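Below: the structure, in structure tokens.
From a predicted model like this one, the values you see are computed outputs, not experimental measurements.
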Amino acid sequence: MACESALPAIMDEQALMGLNPNADACYRQRALAYFEQLKESLDGWEVCAEALAKGVYSDDHVKFFCFQVLEHQIKFRHGSRTAAQQQLIRETLMKWLQAQLMNVHPEKPFIRNKAAQVLALTFVMEYLTLWPKFFFDILNLVGLNPNGVDIYLRTLMAIDAEVVDRDILHSPEETRRNTLIKDSMREQCIPALVESWYQILQTYQHTHSELTCQCLEVVGAYVSWIDLNLIANDSHMSMEELREEACDCLFEIVNKGMDPVDKTKLVESLCQVLQSAGFFNIEQEEDVDFLAKFSRLVNGMGQSLVLSWTKLSKMGDVKVSADTLRAVEAKVPLMLQLLIHEDDDISANIVGFCYDYLHVLKQLPALNEQQKSNVEAIMLAVMNKLKYDDEYNFENEGEDEAMFVEYRKQLKMLLDRLAQVSPELLLEAVHRVFNATMQNWQTVQFMEVEVAIRLLYMLGEALPASHGAHFSGDTTKTSTLQAMMRTLISCGVSEYQHSSVTLEFFETVVRYDKFFLVEPQHIPSVLMAFLDHRGLRHSSPKVRSRVAYLFSRFIKTLHKHMNAFIEDILSRIQDLLELAPPENGFPALLSSDDQLFMFETAGVLIVNGESPAERKQALMRSLLTPLMEAFRMLLAKLPQEADEERQTALADCLSHAVGFASRTSKAFSNKQTVKQCGCSEVYLDCLQTFLPALSCPVQRGPLRSAVRSFLHRMIICLEEEVLPFIPAASQHMLKDCEPKDLQEFIPLISQITAKFKNQVSPFLQEIFMPLVIAIFETLSRPAEENDQTAALEKQMLRRSYFSFIQTIASSGMNEVMASQEAENIERVLFTIIQGAVDFPDPIAQKTCFIILSRLVELWDAQTVLTLSECTLTLHMIHLKRGPECIQFLQEYLPSLQVSPEITQELCQVLQQPDVKVLKNYMKVFFQQAKL
């Protein structure tokens, strides 16, 4: 019974020093041993109890340690303690709690939490037998002292964790005990607890927000298993200052995992409480902050009910799932009130429930009249809420505008879901609203007109159609959409003087561009809208920019119908295709990015027209010649310009010229190649014009980047015709390069290698080592240790280098590497092995292993071919000079240290008439002879 030896009345001070996290390891080890000693001792815990009751120690770690020792006693030895010892534990806890009431500074939260856990454990062990007045004793002691209330609330949460929390697994015995505890609490003390919560909330709502929040958290935890009428009757949720906190608290409750039947009962009970507390009187409510919280709560309750219905439906419980569905639908009027609220935050908070409810309706075999009515009401709400308000700033969109755009996206989700539930209803509703608005667009506010067109636009995604084929198939849908498109184009609404309406008009025209394949007679009027003051000449830069993009899409889709308009369109947009020189000073109608779309559009019109090749060439030359002329002039100016800002502006302008020319080439395809259109000469002229920029001594980076991109395009478009330009271009691009230059140059060489293979083998053999050496030199340049940008550039360059080697290996161009000097190839191979093993870059490592694998395959194949040629040659010599050949081998092979047996074996096989026997043997011979 060694463990029963009495411990000294004072604690081991040296051991306690080890409780400090910064203590030496030996002290920490001693503290751990002391903890085990106190746990095993029958009465050692009493030292800790006395230290807590009398407040002997001020060190937080020692206090925590004492509570840990007590916790262990209560958890594992409570039943074996005498009545006096059990009484000592109760007295210790109450004395410690009483001391807290006097503290000017409360204990640290981790001490209070541990104390609450110990109190909760004691409660669980003694409430049913020894301490039925547990709550009354604590409430009598702490009253409304803030320090005491804090411990009381923490203890209630700790009791919830021990007794109620569904996430904690309990044994059957513990579950029975917990049920008894809850039953006893309901009978004996719950009304007193509820009253205490009300008092705490009333007392501290203005002065101690943390206590108020704690108290609401307790209410949230307990409300799931106590009589809700107690809370409703006490009506502490109806207190103006606490309504928002109550909503947050209840939201957390309804989101807790529960059995679906229990969850439904809980939500229904909460709804009764909320209704009796006046929460449902939305129309009279002016506090938007409260309504935002309440909307979130209703959303949570609604989604919880839908989840319960889904689970019950899967379980096949028809009656209970029908009851749950009725509970869901009983919330729809409230949901609609919140959805249609003028404050978008309140509306947005309920969208989730609305979306889930529509998903429920989608799963039902048929909708009853009430459900159809609900669908229509949601439709009308969504259509109404999609409207802009007067305060929306279209020219300078800020945070508020961004929030409305996000809100609109949520409404679009609802509209898409409505289309799944009842496409006929949605189509009919949109048609009705659209027609009514278009008939009177001149007298209607902009937001009404915009939303009417927007709804037509949104139908394009809401109603299913394969590849945008909205004008084939279901005649009801196609005839309605066609009628609306006809009205949109012919009613004159494109003249409406508001940018949002103008943009929506063009967005919708392009979304339904396939309408014009069905009714091409409307194309001219829409083209005019694109080209005049309504579109590309609009007063708003934002509208012009978007229209430039939409116009390119419109032309791409309908290019087959544009033949009659090509030259007219090119004439009308000619000024929009001019390169804006940096010294102009006047703002251009379109930005350079917008002009890219215009040049692509021009290219599409020229390439896809029905004109002969000569006419296409002439049109393309008239499009690109001004760019080339401007390029030559600006390039001549650039080296003479001393001012760096002016240099940058000129380089940008030169880059734009190259980019525009490059963009026109996107119009070509396999069916309409550059050669077939007679345009090769024009693009070769562009190449000759742009390539001198590579040797420009200033602004190398942007100029090289632009010309490189153009070369990429020309490799695709001009094919072999581009090859004569590559060596000189490469030579210029390898001079004085930065890591980024090399990294961007390598894909160009890789593209040439992969496309032309053996055609470019001599060029690659020549450029291989200069390129590799340039890469090695760049990688070996010293950089500062913490320069992350430089490190990343080097990593990317290394990857590009390995990618280049992989392209050569994968293209079967063994001669490119084989033609290099042995020490150079050895150096390259070393870098590949190093990349596979040493560098911590998984992408580069993978590439290196692929290269090594491919090289082994190639060299094995070369070895086999060589061996085969050797065999055939030897066989032929033997046929011509038989005995003389045998005699030579018998004399020559021993001089190479080949054994007499192997020599004799080869001579015998060589005299066989079947050359296949010799071929098979030669592999064995070289392996045995090890030559």
Side-chain angles (χ1 to χ4, degrees), residues 288-289 291-292 295 339-352 355 381-416 433-434 437 441 444-462 488 493-512 529-530 532-554 576 580 586-598:
V288 290
D289 291 334
L291 279 179
S295 185
L339 183 65
I340 203 67
H341 197 280
E342 63 180 14
D343 186 287
D344 292 341
D345 290 337
I346 294 166
S347 177
N349 284 346
I350 202 73
V351 166
Y355 186 83
V382 170
M383 290 177 184
N384 197 45
K385 289 300 292 179
L386 277 167
K387 293 173 192 170
Y388 288 110
D389 61 32
D390 291 321
E391 295 167 10
Y392 193 98
N393 188 337
F394 289 91
E395 292 305 318
N396 186 21
E397 292 173 320
E399 190 179 339
D400 289 344
E401 286 75 18
M403 286 169 67
F404 181 72
V405 169
E406 286 304 309
Y407 171 59
R408 260 194 159 190
K409 288 177 185 175
Q410 289 182 276
L411 294 176
K412 182 199 170 297
M413 284 169 46
L414 285 183
L415 202 81
D416 291 345
V433 170
F434 181 82
T437 310
W441 65 264
V444 177
Q445 285 188 296
F446 85 86
M447 64 278 290
E448 304 282 348
V449 182
E450 191 276 342
V451 88
I453 305 173
R454 180 77 178 173
L455 287 166
L456 169 56
Y457 175 88
M458 291 170 91
L459 284 178
E461 283 185 9
L488 178 70
V493 75
S494 59
E495 294 280 3
Y496 198 100
Q497 296 297 300
H498 196 283
S499 61
S500 69
V501 175
T502 306
L503 278 175
E504 207 56 63
F505 171 82
F506 286 113
E507 295 282 359
T508 306
V509 160
V510 174
R511 162 149 285 178
Y512 296 109
F530 270 115
D532 66 18
H533 65 278
R534 292 168 286 178
L536 291 167
R537 313 284 173 175
H538 197 278
S539 59
S540 163
K542 181 181 172 184
V543 172
R544 293 196 300 270
S545 175
R546 185 64 181 165
V547 168
Y549 162 72
L550 292 170
F551 186 49
S552 76
R553 277 186 52 191
F554 187 77
L576 301 175
F586 294 103
L589 275 175
L590 296 177
S591 71
S592 56
D593 286 345
D594 302 331
Q595 282 185 287
L596 284 170
F597 292 115
M598 297 309 296

Before you tell me yes or no, could you show the steps for His341 and Ile350 under side-chain contact (heavy atoms from CB on, under 4.5 Å), namely the whole-Å CA-CA distance, both residues' side-chain angles and the distance that decides it to 0.1 Å? CA-CA 10 Å; His341 197 280; Ile350 202 73; over 6 Å; no
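- In this structure, the ring pair (Phe, Tyr, Trp, His ring centres under 6.0 Å) partners of Phe446, at least two apart in sequence or on a different chain, are Phe394, His498.
- Within the 4.5 Å cutoff, the side chain of Tyr496 has no heavy atoms near those of the Val444 side chain.
- At a threshold of 4.5 Å between non-hydrogen side-chain atoms, the residues Phe554 and Val547 do not count as touching.
- Just one of Leu411, Val351, Ile340 meets the side chain to side chain contact (heavy atoms under 4.5 Å, CB included) condition when paired with Val382; it is Leu411.
- Using a 4.5 Å heavy-atom cutoff, the side chains of Met403 and Asp345 are in contact.
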How far apart are the C-alpha atoms of Asp400 and Glu391, what are their side-chain angles, what is the distance that settles it, and do they pass the side-chain contact (heavy atoms from CB on, under 4.5 Å) test? CA-CA 10 Å; Asp400 289 344; Glu391 295 167 10; over 6 Å; no
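- Looking only at distances, no side-chain donor or acceptor of Tyr549 sits under 3.5 Å from a matching main-chain atom of Phe597.
- Remark: the backbone N or O of His538 is paired with a side-chain donor or acceptor of Arg544 at under 3.5 angstrom.
- Looking at heavy atoms from C-beta onward, Met413 lies in side-chain contact with Tyr355 at the 4.5 angstrom threshold.
- Side-chain contact annotation: Asp344 with Ser347, donor-acceptor N/O pair under 3.5 Å absent.
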I'd like to know whether Lys387 forms a side-chain contact (heavy atoms from CB on, under 4.5 Å) with Asp389, so could you lay out the CA-CA distance, the side-chain angles of the two residues, the decisive distance to 0.1 Å, and finally the verdict. CA-CA 6 Å; Lys387 293 173 192 170; Asp389 61 32; over 6 Å; no
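- Here the straight-line distance linking atom CG of Asn384 with atom CE of Met447 works out to 11.0 Å at 0.5 Å rounding.
- Contacts of Tyr457 classified as ring pair (Phe, Tyr, Trp, His ring centres under 6.0 Å), with partners at least two apart in sequence or in another chain: none.
- In this structure, Phe530 and Phe551 have tilted ring planes: the angle between them lies in the 30° to 60° band.
- The side-chain heavy atoms of Phe505 and Val509, taken from C-beta on, include a pair separated by under 4.5 Å.
- Tyr407 pairs by the ring pair (Phe, Tyr, Trp, His ring centres under 6.0 Å) definition with nothing, not counting sequence neighbours.
- Arg454 pairs with exactly one of Glu461, Glu504, Glu507 by the salt bridge (charged side-chain N to carboxylate O under 4.0 Å, His left out) rule, that one being Glu504.
- Partners of Val433 according to the side chain to side chain contact (heavy atoms under 4.5 Å, CB included) rule, which considers only residues two or more places apart in sequence or in another chain, are Met383, Thr437, Leu455.
- Every residue meeting the side chain to side chain contact (heavy atoms under 4.5 Å, CB included) condition with Glu406, not counting sequence neighbours, appears here in chain and number order: Lys409.
- For the salt bridge (charged side-chain N to carboxylate O under 4.0 Å, His left out) test, no residue two or more places apart in sequence or in another chain qualifies with Asp343.
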Checking side-chain contact (heavy atoms from CB on, under 4.5 Å) for the pair Leu488/Tyr512: CA distance, chi angles, key distance, verdict? CA-CA 11 Å; Leu488 178 70; Tyr512 296 109; over 6 Å; no
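- In this structure, the side chains of Gln445 and Asp390 come closer than 4.5 Å at one or more pairs of heavy atoms.
- Both tests pass for Arg408 against the ring of Tyr388: distance under 6.0 Å to the centre and angle within 45° of the axis.
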